[in-house]
Amino acid sequence: MNIFDVAGRAMAAQLTRLNTTASNMANARSVASSEAEAFRALKPVFRTHVDSPDMATVDVERIVQSDTQPKKRHDPAHPMADADGYVWEAGVDEATEMVEMIETARQYQNNVQVLQTAKSLILETVRMGK
C-alpha cells in the first residue's frame, strides 16, 4: 500500500459519509404515520484497515441508524396522520447533519491535497533525475 492507496481509501470512506449525510438531509422533513416507519438518520461505521505494521487506512464497516428519535407532531389535517391526528417527523437533526457535511467535505479536500502533493513530489523527483 502506498500514499495513493491510503488517500484513495480515505476519500472513498468520506464519499460514503457524504452520501449518508445527503440522504439524511433529503429525508429530514419527511413524515410517517407511525414511529416505526419514520426515517432515522444513517451513520457510517469506520474501521481501521492495517496492511502492514507501519501503514493503516480506513474502511467502511457498515451503515447504522442513529439514536435520534422521530418527533411526534399533532397535525390532524395531514393525510398521513394516525387515528389520533399525529404524524412522526424524521429523526434527523439538520444542524448536526450540516456540520457533518462541512466536515466531510473538508476531510475529502484534505485527501485531494495529499494526492496533489504526492504527485508534485514524484514529478519533481523525476525532473531531478533527468
If I take atom [atom1] from residue [X] and atom [atom2] from residue [Y], how far apart are they, to the nearest 0.5 angstrom?
X   : Y    : atom1 : atom2 : answer
T21 : Q14  : OG1   : CD    : 9.5 Å
Y86 : K72  : OH    : NZ    : 5.5 Å
I3  : I122 : CD1   : CD1   : 9.5 Å
N19 : T104 : CG    : OG1   : 10.0 Å

Q) Can you check whether L18 reaches Y108 side chain to side chain, under 4.5 Å on heavy atoms? A)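 When only atoms from C-beta onward are counted, Y108 and L18 do not touch, as no gap falls below 4.5 Å.
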
Looking only at heavy atoms, what is the nearest atom pair of [X] and [Y], with distance?
X    : Y   : value
S33  : D82 : O-CB, 3.9 Å
V92  : T68 : N-CG2, 4.1 Å
N111 : A7  : OD1-CA, 3.9 Å
A10  : T57 : N-OG1, 4.1 Å
E89  : A38 : O-CB, 4.3 Å

Short question: side chain of [X], backbone of [Y] - any donor-acceptor pair under 3.5 Å?
X    : Y    : result
D93  : A95  : yes
N27  : N24  : no
D59  : E61  : no
S120 : Q116 : yes

Taking side chain to side chain donor-acceptor pair (under 3.5 Å) as the test, write out the residues that go with E94, two or more places apart.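 R29.
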
Side chain to side chain donor-acceptor pair (under 3.5 Å), that's the test. Do R40 and S66 meet it? Break it down for me.
CA-CA 6 Å; R40 287 171 174 77; S66 76; over 6 Å; no

Test side chain to side chain contact (heavy atoms under 4.5 Å, CB included) applied to V58 and H49, step by step:
CA-CA 5 Å; V58 66; H49 176 86; over 6 Å; no

Q: Verify the distance criterion only: is there a donor paired with an acceptor across the side chains of E100 and T96 at less than 3.5 Å?
A: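 No, no side-chain donor-acceptor pair sits under 3.5 Å.
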
task = Could you please spell out the steps behind the side chain to side chain contact (heavy atoms under 4.5 Å, CB included) verdict for V6 and V114?
result = CA-CA 10 Å; V6 173; V114 166; over 6 Å; no

| request: Go through H74 and V87 one step at a time and tell me if the side chain to side chain contact (heavy atoms under 4.5 Å, CB included) criterion holds. | output: CA-CA 6 Å; H74 190 257; V87 293; over 6 Å; no

*asked:* V45 vs V60, test: side chain to side chain contact (heavy atoms under 4.5 Å, CB included). Steps then yes/no.
replied: CA-CA 6 Å; V45 176; V60 177; over 6 Å; no

Checklist line | Flag if over 12 foreign heavy atoms under 6.0 Å of CE, M55 | finding: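 Yes, the 6.0 Å shell around CE holds more than 12 heavy atoms from other groups.
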
Atom CG of D54 with >12 non-hydrogen neighbours under 6.0 angstrom:
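Yes, enclosed.
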
| task | Evaluate salt bridge (Lys or Arg N to Asp or Glu O under 4.0 Å) for K43 paired with E97, printing each intermediate quantity in order. | result | CA-CA 10 Å; K43 301 291 178 191; E97 295 301 326; 2.8 Å; yes

| task | Please determine if E35 and K71 form a salt bridge, counting it only when a charged side-chain N lies under 4.0 Å from a carboxylate O. | result |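 Looking at E35 and K71, the cut-off is not met.
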
Ion pair E103/R17, N-O distance below 4.0 Å: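 The answer is yes: the pair qualifies as a salt bridge.
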
Treating Ile, Leu, Val, Met, Phe, Trp and Tyr as nodes and any side-chain heavy-atom pair under 4.5 angstrom as an edge, say whether I102 and V99 lie in one connected cluster.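 No, I102 and V99 fall in different hydrophobic clusters.
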
